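Presented below is the structure to which this report refers.
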Protein chains: 2
Amino acid sequence: MAEEHGPETGSGPRTAILNAAMRLFGKQGYTGTSVRDLATEVGVLPGSLYAHIQSKEALLVEIVADGIHRFITAVEPHAYSAGSPAERLRAMIVAHVEVVAENPERSLVVFHQWRFLGEENLPAAIERRQVYEGCFIKVVEDGVAQGLFKQDINQRIAVFTILGALNWTPEWLSPSGRLSPREVGVLMAETLMRGVLA
Amino acid sequence: MAEEHGPETGSGPRTAILNAAMRLFGKQGYTGTSVRDLATEVGVLPGSLYAHIQSKEALLVEIVADGIHRFITAVEPHAYSAGSPAERLRAMIVAHVEVVAENPERSLVVFHQWRFLGEENLPAAIERRQVYEGCFIKVVEDGVAQGLFKQDINQRIAVFTILGALNWTPEWLSPSGRLSPREVGVLMAETLMRGVLA
DNA sequence: ATTCTATAAACAAACGTTTGTTTAATGGCA
DNA sequence: TGCCATTAAACAAACGTTTGTTTATAGAAT
């Protein structure tokens, strides 16, 4: 079967459990979701889940790891492509928004719930997040170095501003809204790169 | 006693409990923090807390309500002041960052943990949040209407972009960092209003 | 006949909260 | 100064509930 990215893809009990976990972990948080909540959402008794999963935390590990991987896969190539820093940053922002739109629930978990990973799984997730942030740092550095970006911006703060705006998108983005995810991404890129001032 | 805003102000057991709750709710989340965690942080046994608080949720209610109030108090006057939309927006962003810096732990709770309020307290908190967001919507609308902001930005998306960047600041802002909170705010405003492009 | 999957029931541990009691410091009065 | 009444705060223990997880068992599908 080809790899799929949207929500509710795949089939079988395991996929149903993962999708339910994305929804509930996203809405109520990992610590705010009980295994009984999860079982009710799937339509099964609590103990039945354990025929398909190893533990509650294993679900979080899988959702976060796959999610970060999805973002890196979609965005990293643009960060190191041949275009100008401006073109690259624009493409990265659009790609990020498109991945969020693919599955906002999962994105919510990726950006807000990773901190509840146990000691064994946390370092790897943090490292992957840093790889992701590194993509944006690289492009902003290049832009400034090449004189295409403002010389008087603080690079660290510019990157945090961009990432903050992006990290918040799963809170409000509606994949079925009037604007397509790509259009939303283009508009966000416009705002972040040229500002709101006329 | 004059009203104070920074962390660790006030005294007495009640204030100590509130400060501990801000720290733990911010770091571990509301549902991820047990009353025993809280008691340990305060340096007391779990039951002892209930001589000073009504319930765990009452702590969240107080932190969120006071926090939102603090943001509105600091930012709203700028939104409806006499200056140009550009001046007003810049002042709002700076004020927001300064309030975050006052107490990043509390800000983390205000922006991430409000959803765990019970049915009785949630509507009021949502309404206050909307008042706060309304300040930014108003200024962007004015800016576009007066031709001072770009005509081809999507106002809704511009506001979400700005608020997203601001809502994320408590995750990385260090009040004791090299740059003062005001300087950070000015730099963020610069990025959001003029973009990163030279 | 074997393999899956679900059920029903139970487990130990942790949850938020309440209770009855002890301790420590405070202020008035002799 | 010495004594007592008051108060504030914490302790120690337990309450009933919910947590994540395991077990034994039974029906369905290959």
Side-chain angles (χ1 to χ4, degrees), chain A residues 1 8 10-65 109 112-122, chain B residues 1 8-65 109 113-122:
Chain A
M1 186 182 74
E8 310 295 332
S11 60
R14 214 191 133 69
T15 308
I17 293 171
L18 272 169
N19 286 328
M22 289 179 200
R23 276 194 299 275
L24 292 183
F25 291 175
K27 196 191 317 174
Q28 315 175 6
Y30 175 72
T31 53
T33 302
S34 72
V35 173
R36 283 162 183 79
D37 290 340
L38 196 48
T40 301
E41 179 89 358
V42 176
V44 110
L45 293 190
S48 308
L49 296 175
Y50 287 83
H52 309 280
I53 67 171
Q54 201 209 11
S55 68
K56 183 190 172 188
E57 187 180 340
L59 281 174
L60 182 62
V61 171
E62 185 166 343
I63 295 171
V64 171
V109 178
H112 291 67
Q113 305 302 317
W114 58 268
R115 59 183 97 232
F116 298 109
L117 291 168
E119 299 184 8
E120 306 163 5
N121 303 302
L122 193 54
Chain B
M1 186 181 74
E8 309 294 334
T9 62
S11 59
R14 213 192 133 70
T15 308
I17 294 171
L18 272 168
N19 286 328
M22 288 179 202
R23 277 193 298 274
L24 293 183
F25 291 176
K27 196 190 316 170
Q28 315 175 4
Y30 175 72
T31 53
T33 302
S34 72
V35 172
R36 282 161 185 80
D37 290 339
L38 197 48
T40 301
E41 178 89 358
V42 175
V44 115
L45 295 189
S48 307
L49 296 176
Y50 287 84
H52 310 281
I53 66 171
Q54 202 209 13
S55 67
K56 182 188 173 189
E57 188 182 339
L59 281 173
L60 182 62
V61 171
E62 185 165 345
I63 295 170
V64 170
V109 179
Q113 305 301 317
W114 58 268
R115 60 182 96 232
F116 298 109
L117 290 168
E119 299 184 8
E120 306 163 5
N121 303 302
L122 193 55

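Here is how names work: the chains are called A, B, and so on, in the same order as the sequence lines, proteins then strands, and each is numbered from 1. Note: hydrogens, waters and symmetry copies are ignored here, and every other heavy atom, side chains too, is used. Nothing here was measured: the structure is a model prediction, and the numbers come from that model.
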task = Can you see which heavy atom on A:I53 is nearest to which on A:I17, and at what distance?
result = CG2-CG2, 4.0 Å

Salt bridge (Lys or Arg N to Asp or Glu O under 4.0 Å) partners of residues 38-53 of chain B, not counting sequence neighbours, each pair once = B:R23-B:E41

request  = Kindly compute the distance separating OG1 (B:T40) from CZ (B:R36), expressed to the nearest 0.5 Å.
outcome  = 9.5 Å

task = Under 4.0 Å between any heavy atoms, over every strand shown, what does A:T33 touch: base, sugar-phosphate, or nothing? Just pick one.
result = sugar-phosphate

remark   = Sorted by number, residues from residues 40-54 of chain B placing a heavy atom under 4.0 Å from DNA chain D are B:V44, B:L45, B:S48, B:H52

request  = Sequence neighbours left out, what pairs pass salt bridge (Lys or Arg N to Asp or Glu O under 4.0 Å) with at least one residue falling in residues 46-56 of chain B?
outcome  = none

ask   = At what distance, to the nearest 0.5 angstrom, does CE of A:M22 lie from CG of A:L60?
value = 11.0 Å

request  = Quick one: closest heavy-atom pair of B:V42 and B:A16, and the distance?
outcome  = CG2-O, 4.3 Å

remark   = Of all heavy-atom pairs linking A:G26 and A:V109, the shortest is N-CG2, 3.6 Å

remark   = Sorted by chain and number, sequence neighbours left out, side chain to side chain contact (heavy atoms under 4.5 Å, CB included) with B:N121 holds for B:E57, B:V61, B:L117

Identify every side-chain donor-acceptor pair in residues 44-52 of chain B under 3.5 Å, counting partners at least two apart or on other chains, and give the distances.
residue: B:S48; atom: OG; partner: B:L45; partner atom: O; Å: 3.3

task = With a 4.0 angstrom cut-off to heavy atoms of chain A, pull out the first and last contacting nucleotide of DNA chain D, in 5'-to-3' order.
result = D:dT19 to D:dT22

key: Inter- and intrachain pairs under salt bridge (Lys or Arg N to Asp or Glu O under 4.0 Å), touching residues 25-35 of chain B, at least two apart   = none

message = Both B:K56 and A:R36 contact DNA chain C. Taking the nearest nucleotide for each, which residue is further toward the 5' end?
response = A:R36

note = Those residues at least two apart in sequence (or on a different chain) that pass side-chain hydrogen bond (donor to acceptor under 3.5 Å, both in side chains) with A:R115 are B:E171

Would you tabulate the nitrogen or oxygen pairs shorter than 3.5 Å linking the protein to nucleotides 24-27 of chain C?
none

ask   = CZ of A:F116 to CG of A:L122: how many Å apart, nearest 0.5 Å?
value = 11.0 Å

request  = Compute the bend angle of the helix from C:dA12-D:dT19 to C:dA30-D:dT1 from the end axes (five pairs per end), rounded to 10°.
outcome  = 30°

message = Enumerate the ring-ring contact (aromatic ring centres under 6.0 Å, His included) contacts for residues 16-43 of chain A, please, sequence neighbours excluded, ordered by first and then second residue.
response = A:F25-A:Y30

